[in-house]
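Take this structure first; my questions come after.
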Amino acid sequence: MSTPDSLSHLPDHIRKAIEITPAAGTRERIIDITTVGRRTGRARRIEIFFYRAAGATYLCSGAGGAATDWHANLLANAGFTFHLKNGIVADLPAWATPVTDPAKRQAVLAEIVADLNQPHDPGTIRPTRLEDWADSRLMRISFGDRP
């Protein structure tokens with residue numbers, strides 16, 4: 001059995017597409033997710049960036065920390081579909097866990113912001129400052145069976 005952050009159970013080409021590094025550009029970071037609407041119960045598909053930090057995969061609302069439907073939907077129903085769509089196409093069952101511990105949030109967000117401030121600039125706002133991301137919605141992603 002793999003650990004929640006382990007991708008070892010996934011086929012090599014899919015694992016490599018998820019294990020992005022700071023060298024990854026914008027295209028490699030864009031996915032779709034399908035969540036279950038918390039009020040309607042209907043499938044809701046959106047485009048979003050994903051991040052790798054501290055050896056795990058994350059979804060994050062980014063600078064500003066405004067409320068997002070995807071985050072509220074995942075709080076109500078943690079199961080969703082993670083859709084790879086650029087280069088590798090795959091629909092992966094996944095689970096979201098909110099990151100609420102302040103020290104863990106700070107460490108993960110610091111790594112995400114450092115990644116976005118790489119010279120090749122995968123982010124859309126430059127420079128990206130950690131204090132601007134302090135209130136971001138942050139979810140750790142696990143793939144496969146519910147952790």
Legend entry - salt bridge (Lys or Arg N to Asp or Glu O under 4.0 Å) contacts touching residues 95-106 (sequence neighbours left out):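 Residue pairs passing salt bridge (Lys or Arg N to Asp or Glu O under 4.0 Å), neighbours aside: none found.
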
Inset, instruction - Mind listing the closest non-hydrogen atom pair of Ile112 and Cys60 along with its distance? - result: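 So the minimum-distance heavy-atom pair works out to CD1-CB, 4.5 Å.
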
Inset, instruction - Considering non-hydrogen atoms only, spot the tightest contact between Asp115 and Thr21 and give its length. - result: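 Scanning both residues completely, I find the closest heavy atoms to be OD1-O, 4.3 Å.
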
Inset, instruction - Calculate, to the nearest 0.5 Å, the distance between atoms OG1 and CZ belonging to Thr57 and Arg140 respectively. - result: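 So the OG1 of Thr57 and the CZ of Arg140 are separated by 10.0 Å.
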
Legend entry - 4.5 Å side-chain heavy-atom contact, Ile18 and Leu92: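 Ile18 vs Leu92: side chains touch.
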
Legend entry - Arg45 side-chain N/O to Asp32 backbone N/O, donor-acceptor pair under 3.5 Å: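 Not at all, since once roles are kept as given, no pair shorter than 3.5 Å links the two residues.
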
Inset, instruction - Enumerate the residue pairs fulfilling salt bridge (Lys or Arg N to Asp or Glu O under 4.0 Å) with a member in residues 57-70, sequence neighbours excluded, ordered by first and then second residue. - result: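 Residue pairs passing salt bridge (Lys or Arg N to Asp or Glu O under 4.0 Å), neighbours aside: Arg38-Asp69.
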
Legend entry - Minimum heavy-atom distance Val99-Tyr58, with the two atoms named: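 Looks like CG2-CE2, 3.8 Å.
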
Legend entry - Min side-chain heavy-atom separation Tyr51-Leu116 under 4.5 Å: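 In short, these two side chains touch, coming nearer than 4.5 Å.
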
Legend entry - Straight-line distance of Ile31 CD1 to Phe82 CZ, nearest 0.5 Å: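 That separation rounds to 3.5 Å.
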
Inset, instruction - Evaluate the criterion side chain to side chain contact (heavy atoms under 4.5 Å, CB included) for residue pair Met139 and Ile33; output intermediate values, then yes/no. - result: CA-CA 13 Å; Met139 295 276 194; Ile33 61 171; over 6 Å; no

Inset, instruction - Evaluate the criterion side chain to side chain contact (heavy atoms under 4.5 Å, CB included) for residue pair Ile88 and Ile14; output intermediate values, then yes/no. - result: CA-CA 7 Å; Ile88 302 296; Ile14 292 174; 4.1 Å; yes

Inset, instruction - Calculate, to the nearest 0.5 Å, the distance between atoms CH2 and CZ belonging to Trp95 and Phe143 respectively. - result: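 The CH2 atom of Trp95 sits 13.5 Å away from the CZ atom of Phe143.
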
Inset, instruction - Sequence neighbours left out, what passes side-chain hydrogen bond (donor to acceptor under 3.5 Å, both in side chains) with Gln106? Give chain and number order. - result: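 Per chain and number, Gln106 pairs via side-chain hydrogen bond (donor to acceptor under 3.5 Å, both in side chains) with no residue.
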
Inset, instruction - Is it possible for you to say whether Leu75 and Val36 belong to one hydrophobic cluster, with membership spreading through side-chain heavy-atom contacts below 4.5 Å? - result: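 In one cluster with Leu75: Val36, no.
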
Legend entry - Trace of the side chain to side chain contact (heavy atoms under 4.5 Å, CB included) decision for Trp133 with Leu138: CA-CA 10 Å; Trp133 287 60; Leu138 183 63; over 6 Å; no

Inset, instruction - Please list, chain by chain and in numerical order, all residues satisfying side-chain hydrogen bond (donor to acceptor under 3.5 Å, both in side chains) with Ser136, sequence neighbours excluded. - result: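 If we apply the side-chain hydrogen bond (donor to acceptor under 3.5 Å, both in side chains) test to Ser136, skipping adjacent residues, there are no hits.
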
Inset, instruction - Identify, with sequence neighbours excluded, every residue that meets side-chain contact (heavy atoms from CB on, under 4.5 Å) alongside Thr81. - result: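 side-chain contact (heavy atoms from CB on, under 4.5 Å) check on Thr81 returns Thr34, His83, Asp91.
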
Legend entry - Arg15: partners by side-chain hydrogen bond (donor to acceptor under 3.5 Å, both in side chains), with sequence neighbours left out: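 So Arg15 forms a side-chain hydrogen bond (donor to acceptor under 3.5 Å, both in side chains) with Asp12, Glu19.
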
Legend entry - Between CG on residue Leu109 and CG on residue Asp135, distance to nearest 0.5 Å: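 Here the rounded value is 9.5 Å.
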
Legend entry - Straight-line distance of Leu59 CG to Ile48 CD1, nearest 0.5 Å: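 Answer rounded to 0.5 Å: 4.5 Å.
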
Legend entry - Cluster check Phe50, Ile46: I/L/V/M/F/W/Y, side chain < 4.5 angstrom: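 Yes; tracing contacts between hydrophobic side chains, which count when under 4.5 Å, links both residues.
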
Inset, instruction - Nearest 0.5 Å please: distance from the CD atom of Glu28 over to the CZ atom of Arg52. - result: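 The CD atom of Glu28 sits 14.5 Å away from the CZ atom of Arg52.
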
